[in-house]
Amino acid sequence: VGRFCPAGALNEQLCLPGTYNPNVGQGACLSCPVGFYCPNSGHVNYTDCPVGFYCPAGTSVPVACPAGTYSTKTNLKNATECTPCDVGQYCANKNLTAPTGPCAAGYFCASGASTATPSGTYPSNGPCPFGHYCLAGATAPTKCDAG
């Protein structure tokens with residue numbers, strides 16, 4: 001268990017990180033399935049991929065969800081399953097489990113913002129558009145009154 005015996009082996013060998021073996025008498029270890037990771041040599045079973053990370057097949061170290069995203073779920077399989085940061089919020093770092101905070105006043109954060117003061121152009125992440133104002137965390141620019 002956690003080991004394998006290839007053909008012609010003199011001794012059993014430990015399963016490598018990213019693989020596991022729950023059975024005895026096997027000629028090879030199994031690749032860690034998607035959504036899980038196998039961190040150590042000689043792993044007997046796989047471990048749930050934690051929140052804020054995703055785990056492709058054969059993972060020994062979970063991969064952080066990128067800046068601009070977060071995750072509240074375990075067992076993600078790839079980066080596309082990480083949640084883009086909410087409108088009006090930004091996600092500054094990798095492997096977040098919640099947005100970092102509200103977008104700064106004067107800026108609009110569309111989905112997936114990674115900074116409170118983005119430099120793009122509306123309707124994407126960026127300064128509030130001409131003729132509008134944006135309070136901190138605004139989910140849409142507000143048109144300025146006439147005058």
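Quick note: numbers below take in every heavy atom, side chains included, and nothing from hydrogens, waters or symmetry partners.
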Item checked: Remaining members of the apolar cluster that contains V44, side-chain heavy atoms under 4.5 Å ->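 Reading the cluster by chain and number, V44 sits alongside V1, V24.
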Margin query: Ignoring hydrogens, what is the shortest heavy-atom contact between P6 and Q13? Give both atom names and the distance.
Written below: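 Answer, listing the atom of P6 first, then Q13: CG-NE2, 3.8 Å.
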Please output the side-chain donor-acceptor pairs of residues 134-147 that fall under 3.5 Å, not counting sequence neighbours, one pair per line with the distance.
none

Any chance you could measure [X], atom [atom1], to [Y], atom [atom2], to the nearest 0.5 Å?
{"X": "L14", "Y": "T19", "atom1": "CG", "atom2": "OG1", "result": "9.5 Å"}
{"X": "L96", "Y": "C91", "atom1": "CG", "atom2": "SG", "result": "5.5 Å"}
{"X": "H43", "Y": "N21", "atom1": "NE2", "atom2": "CG", "result": "12.0 Å"}
{"X": "F4", "Y": "L30", "atom1": "CZ", "atom2": "CG", "result": "11.5 Å"}

Item checked: Student check: side-chain heavy atoms of Y37 and P17 closer than 4.5 Å ->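 No. Closest side-chain heavy atoms not under 4.5 Å.
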Notebook entry, point to check: Is there a side-chain contact between N125 and C103 (heavy atoms, below 4.5 Å)?
Noted result: no
Checklist line | Test ring pair (Phe, Tyr, Trp, His ring centres under 6.0 Å) applied to Y46 - qualifying residues, sequence neighbours left out | finding: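 Checked Y46 against ring pair (Phe, Tyr, Trp, His ring centres under 6.0 Å); matches are Y20, F36.
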Notebook entry, point to check: Got a sec, which pairs hit side-chain hydrogen bond (donor to acceptor under 3.5 Å, both in side chains) with one end in residues 100-120, sequence neighbours left out?
Noted result: none
Check: What residue pairs, at least two apart or across chains, pass side-chain hydrogen bond (donor to acceptor under 3.5 Å, both in side chains) with a residue in residues 75-93?
Finding: D48-N75, Y70-D86, N78-T80
Checklist line | Polar side-chain atom of T59 near backbone of P56 as donor-acceptor pair, under 3.5 Å | finding: yes
Check: Taking C109 and C85, which are both Cys, do their SG atoms fall under 2.5 Å of each other?
Finding: no
Next item on the list: Determine if the SG-SG distance between C65 and C82 falls under 2.5 Å.
Entry: yes
Margin query: By the ring pair (Phe, Tyr, Trp, His ring centres under 6.0 Å) test, which pairs, at least two apart or in different chains, include something from residues 115-147?
Written below: F108-Y122
Next item on the list: For a side chain to side chain contact (heavy atoms under 4.5 Å, CB included) with L76, tell me which candidate from C55, S71, P62 qualifies.
Entry: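 It is S71, the one option of C55, S71, P62 that forms the side chain to side chain contact (heavy atoms under 4.5 Å, CB included) with L76.
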